[in-house]
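Note that ligands are numbered from 1 as they come in the structure, with each ligand's atoms numbered from 1 the same way.
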Amino acid sequence: MSNREITKNSQARMIRSWMLGLHATYITDIGGRLGYFAEMRRRGGTVSAKELAETLELDPWRTKVWCQAACAVGILQADGDTRFAFAPFMDVLLGDEAPELQTAHVLASLARDFPAYPEAFRTGALKTFHDHDEDFFHHQGKVSALRAPVVVAAARKLPGMEERLGAGGRVMDIGSGSGTVLVRFAEEFARCRVTGIEPLPYFAETSRTLLQEKGFSDRVEVRSVGGEALSFEHEFDLITMVQVFHELPDAKKIDVLHGCQRSLKPGGILLLVDRCAPETGADLHDRRFTLSILEQWFEVTWGNIVNTRSEILAMLHDTGFTVTQENPDIVPTYWTFVAEKQDAGIKRSDI
Ligand SMILES: C[S@@+](CC[C@H](N)C(=O)[O-])C[C@H]1O[C@@H](n2cnc3c(N)ncnc32)[C@H](O)[C@@H]1O
């Protein structure tokens with residue numbers, strides 16, 4: 001925590017900055033959805049509201065109000081009295097595929113859950129991941145695509161994995177979402193075979209289309225089942241499960257880990273990447289936990305439980321895995337657990 005003196009005024013400023021942030025997030029989201037940022041870039045970065053509105057066939061006065069609001073929160077800046085330009089670096093940070101813009105879209109989409117919170121806190125009503133809409137899935141898929149290279153790079157560094165996958169080994173990605181991890185493995189390892197496990201029809205279908213477009217349908221498949229229904233026996237060198245463990249029904253987490261044990265070849269590795277809930281009061285103020293805590297907050301009505309690091313370690317141990325590495329830095333803001341299936345299914349502690 002900062003050492004700056006905390007006063008009533010500084011706390012009030014903090015509250016006002018959150019409220020400004022709420023507006024700024026929506027101004028960003030709507031600027032992206034209406035194509036304002038893309039059109040500004042197309043015109044070299046400066047534009048009048050009239051030009052923007054005419055090209056995009058939008059209301060000119062409302063467009064001017066958006067431009068002024070974008071200036072007020074620091075996204076744009078005035079260029080004379082009637083023209084607007086990007087504030088420094090905003091043209092790049094708010095590019096079509098930029099993480100900042102995509103995250104604003106996901107947040108704005110997620111925020112549609114909040115009006116139902118007061119009632120849901122009284123009744124315990126659920127709205128699961130799968131109950132969300134295609135707008136949310138689409139933007140969520142774009143944000144997670146940004147993680148795919150990091151996940152495959154982490155897998156490559158696992159002992160012996162580069163050789164195994166290079167020689168035609170098999171990878172399974174559980175909760176494969178938009179399919180970008182599947183594609184990345186196929187691109188980086190020309191001979192490896194990849195299986196995605198994805199129960200959500202929207203993701204299963206869009207990822208199959210992506211695989212077809214990329215020409216990988218012969219060695220990458222997507223199965224439309226949940227991780228509870230794995231039916232493999234000693235077949236995979238590597239299983240990845242990225243931001244999925246907390247999505248599994250709590251009572252099924254152990255079953256899924258048992259299924260991973262059965263599916264892996266001896267010496268195979270489960271790479272589990274997920275959020276970790278705080279274990280102590282001090283963790284609540286540790287920045288490494290901030291996004292995990294907020295993830296549990298915006299998923300509190302989804303039925304998801306974000307486990308603590310100790311809980312995940314215990315479940316991995318109880319299902320026969322040996323955790324050879326755990327690291328909060330490999331995939332930023334997530335914990336990465338490297339869990340190995342022992343040769344002949346014998347736990348190291350038993351040897
Ligand atoms: C937050 S997304 C993560 C997607 C992807 N792994 C990534 O990193 O982008 C969670 C994924 O878990 C999937 N999922 C939810 N319940 C599941 C289950 N029981 N078994 C397997 N996947 C599940 C969802 O459909 C979704 O694709």
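Minimum interatomic distance between V222 and S207 (heavy atoms only, all atoms of both residues): CG2-OG, 3.8 Å.
Taking the centre of each ring, F298 and F114 stay at or above the 6.0 Å mark. The distance between the ring centers of F84 and W66 does not fall below 6.0 angstrom.
Atom 15 (C) of ligand 1 has as its closest protein heavy atom H130 NE2, 3.6 Å. When only non-hydrogen protein atoms are considered, atom 20 (N) of ligand 1 lies nearest to G227 N, 2.8 Å. From the protein, the heavy atom lying nearest to atom 9 (O) of ligand 1 is S144 CB, 2.5 Å. Counting only heavy atoms of the protein, atom 12 (O) of ligand 1 lies nearest to V244 CG2, 3.6 Å.
At distances below 3.5 Å, at least one donor-acceptor pair connects side-chain atoms of D133 with backbone N or O atoms of F136. Counting only distance, with no hydrogens or angles, the side chain of R219 and the backbone of A190 share a donor-acceptor pair below 3.5 Å. Counting only distance, with no hydrogens or angles, the side chain of E340 and the backbone of Q342 share no donor-acceptor pair below 3.5 Å. Counting only distance, with no hydrogens or angles, the side chain of D131 and the backbone of T128 share a donor-acceptor pair below 3.5 Å. No side-chain donor-acceptor contact under 3.5 Å links T103 to the backbone of E100.
The residue from E311, E247, E299, E295 that alone fulfils the salt bridge (Lys or Arg N to Asp or Glu O under 4.0 Å) condition with R275 is E295.
Between E228 and K252 there is no salt bridge, since no side-chain nitrogen of the basic residue lies less than 4.0 Å from a carboxylate oxygen of the acidic one. A salt bridge links D135 with R33; the closest basic N to acidic carboxylate O contact falls under 4.0 Å. Ionic pairing of R122 and E119 is present here: one or more N-O contacts between side-chain nitrogen and carboxylate oxygen are shorter than 4.0 angstrom.
Close approach of ligand 1 to Q243 is summarised as follows: ligand atoms under 4.0 Å from at least one heavy atom of the residue are 1 (C), 2 (S), 3 (C), 10 (C). Every atom of ligand 1 is numbered from 1 in the order shown, and the set under 4.0 Å from a heavy atom of G226 is 20 (N). Near G177, with a cut-off below 4.0 Å to any heavy atom, the atoms of ligand 1 are 27 (O). Of all the atoms in ligand 1, the ones that sit under 4.0 Å from a non-hydrogen atom of L200 are 25 (O).
Considering backbone and side-chain N/O atoms, G175 comes within less than 3.5 Å of an N/O atom of ligand 1. Between F203 and ligand 1, a contact under 3.5 Å exists for no N or O pair. Below 3.5 Å of separation, one finds no N or O of Q140 facing any N or O of ligand 1. Backbone and side-chain nitrogen or oxygen atoms of R147 are examined, and one is located within less than 3.5 angstrom of a nitrogen or oxygen of ligand 1. For E228, a nitrogen or oxygen atom sits less than 3.5 Å from a nitrogen or oxygen atom of ligand 1, counting backbone and side chain alike. Of the N or O atoms in E198, one or more lie within a sub-3.5 Å distance of an N or O in ligand 1. Considering backbone and side-chain N/O of P249, none are found under 3.5 Å from N/O of ligand 1.
Counting heavy atoms under 4.0 Å from ligand 1, residue L248 touches it through the side chain alone. With a 4.0 Å cut-off on non-hydrogen atoms, K252 does not touch ligand 1 at all. Only the side chain of P199 comes within 4.0 Å of ligand 1, counting heavy atoms alone; its backbone N, CA, C and O stay farther away.
Not a single heavy atom of M241 sits closer than 4.0 Å to an atom of ligand 1.
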